[in-house]
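All remarks here apply to the structure that follows.
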Amino acid sequence: MMSAKDKQSKNKVVEEKLLEDLNSKLSASVQCQKTRRLFVLIDPDQLVDTCTKAYESGFEHLSTIAATDWLEEGKIELTYHLWSYSHNHLLTIKTKIDRKKPKISSINSIWGGNAETCERECHELFGVKFKGNLNLTPLFLEDWEGPPPFLKDFNWREYVKKEDYDQSNPREKVYFEVKK
Amino acid sequence: MAMKIAKKMKITKKKVMKIFVKSVWVFNWFNSCGFTELVPVVGSRWDMERFGLVAVNSPRKADALFIAGYQTHKSMKRAQQIYEQMSNPKFVFALGSCTMTGGMYWDSYNTVKRIEDYVPVFMYIPGCPPRPEAIFDAVHKVIVHVDELPDE
């Protein structure tokens, strides 16, 4: 029976080996911030290349694509979470794109419909355009004509006051007295 | 022609309503917490079936439509479809403060603020969530409403 300490040290050895492997394969600096959680920061034009290599080295499950809006920086950060069933490790690929022209190439050549759905969500809520994804139709919102609602500079309160409420209506006057 | 026959046979709205509205069968259209908060109405403590309230599985069998929780523009379309499928006489109950004013989602960009703009609401039941007793009282008011109709 292996003791807990032995197990930990063995896991560490496996992890270091995996890190080395990935570093050479992805030609990027993969960091291990926590046990079984790997991070890599890349340029947006490297994305498809890195994802293909990650897929080939065992990270075959795309969990999700998340977008973060950094308003002060003027960037949108895209986070791709990949899971490997053979290594039991989570690889997070992060890349930053310009906020004014949010364009990035699609990864549906690797993950097909799964990636397509994730990208549709990002396109709808953050306005990110994925080159190569032909089906960027709205996923959740129906009849939406406003700006992408999850962007930080979308003032939803002003939007709602303009769209839904009438200041001259005494019942709705109170909504216009609410401060920001 | 039909009106003439109705007049001759002394068929009135009240008489028809009296036949149809006896025990109120309910179709539920619940969003979000509206569902979880109103489960006790079905459960053994308040037990809505002792008043003849039955949750039916098709809008075509229902007399009343319960709308609870905040409605998004997307779910409101489905609620309207359900309303159109129901046969007359039909009553819409809007439960909870979300259906009246948007509740705590008053400044959300995709929720419906006033349900009456979309479906004809018979009665609003206030509360966040409404008490089960309030729901029974509201449903009783349907029967009272039929009783109070002018017989002409």
Side-chain angles (χ1 to χ4, degrees), chain A residues 64-71 76 99 102 116-128 135-180, chain B residues 28-36 59 65 67-85 92-128 130 134 138:
Chain A
T64 187
I65 302 171
T68 321
D69 185 14
W70 299 104
L71 190 62
I76 286 178
R99 205 171 167 280
E116 196 179 281
T117 313
C118 294
E119 283 171 358
R120 274 171 72 189
E121 189 189 342
C122 278
H123 174 73
E124 178 179 45
L125 301 174
F126 289 91
V128 182
N135 183 22
L136 283 174
T137 47
L139 185 63
F140 301 119
L141 299 170
E142 263 182 25
D143 306 332
W144 176 255
E145 279 157 7
F150 277 24
L151 287 178
K152 283 270 166 72
D153 57 356
F154 170 56
N155 192 339
W156 75 91
R157 196 164 277 172
E158 288 302 316
Y159 179 86
V160 165
K161 279 178 189 170
K162 210 175 96 189
E163 293 287 315
D164 293 307
Y165 294 120
D166 178 16
Q167 199 162 7
S168 57
N169 186 343
R171 186 180 154 188
E172 291 165 6
K173 218 171 110 189
V174 64
Y175 295 114
F176 290 86
E177 287 156 17
V178 177
K179 282 172 194 160
K180 259 186 188 174
Chain B
N28 293 330
W29 182 248
F30 287 171
N31 262 19
S32 59
C33 69
F35 173 72
T36 48
L65 173 64
I67 299 179
Y70 69 85
Q71 297 296 317
T72 60
H73 294 297
K74 198 171 182 175
S75 75
M76 205 60 231
K77 276 190 195 170
R78 278 73 182 169
Q80 281 172 330
Q81 274 181 17
I82 289 166
Y83 177 76
E84 278 158 21
Q85 283 180 45
V92 177
F93 291 91
L95 281 68
S97 56
C98 280
T99 51
M100 288 185 233
T101 62
M104 62 187 282
Y105 306 103
W106 69 272
D107 60 351
S108 169
Y109 59 90
N110 65 345
T111 56
V112 169
K113 312 299 185 296
R114 288 170 299 271
I115 290 253
E116 78 228 34
D117 294 351
Y118 296 85
V119 285
V121 175
F122 177 71
M123 195 179 291
Y124 281 114
I125 309 174
C128 186

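Fair warning: this is a prediction, and the values are worked out from it, not measured in the lab. A, B, ... follow the sequence lines: proteins, then strands. Residue 1 opens every chain.
- Annotation: maximal heavy-atom pairing with chain B below 4.5 Å, among A:Tyr159, A:Trp144, A:Phe154, occurs at A:Trp144.
- The distance from the CZ atom of B:Arg114 to the CZ atom of A:Arg171 is 6.5 Å, given to the nearest 0.5 Å.
- Heavy-atom contacts from other residues, nucleotides or ligands closer than 6.0 Å to NZ of A:Lys173 number 12 or fewer.
- Closest of all the heavy-atom pairs between A:Pro149 and B:Tyr109 is CB-CZ, 3.4 Å.
- Shown here for A:Leu141 and B:Asn110, the closest heavy-atom pair between the two residues is CD2-ND2, 4.1 Å.
- Annotation: the span from A:Asp164 atom CG to B:Asp117 atom CG amounts to 9.0 Å, rounded to 0.5 Å.
- Between B:Trp106 and A:Tyr165, the ring-plane angle classifies as tilted under the 30° and 60° cut-offs.
- Both the backbone and the side chain of B:Lys74 come within contact range of chain A, judged by heavy atoms closer than 4.5 Å.
- At a 4.5 Å heavy-atom cutoff, the contact between B:Thr101 and chain A is made by backbone and side-chain atoms alike.
- Only the side chain of A:Glu172 comes within less than 4.5 Å of a heavy atom of chain B; its backbone N, CA, C and O stay farther away.
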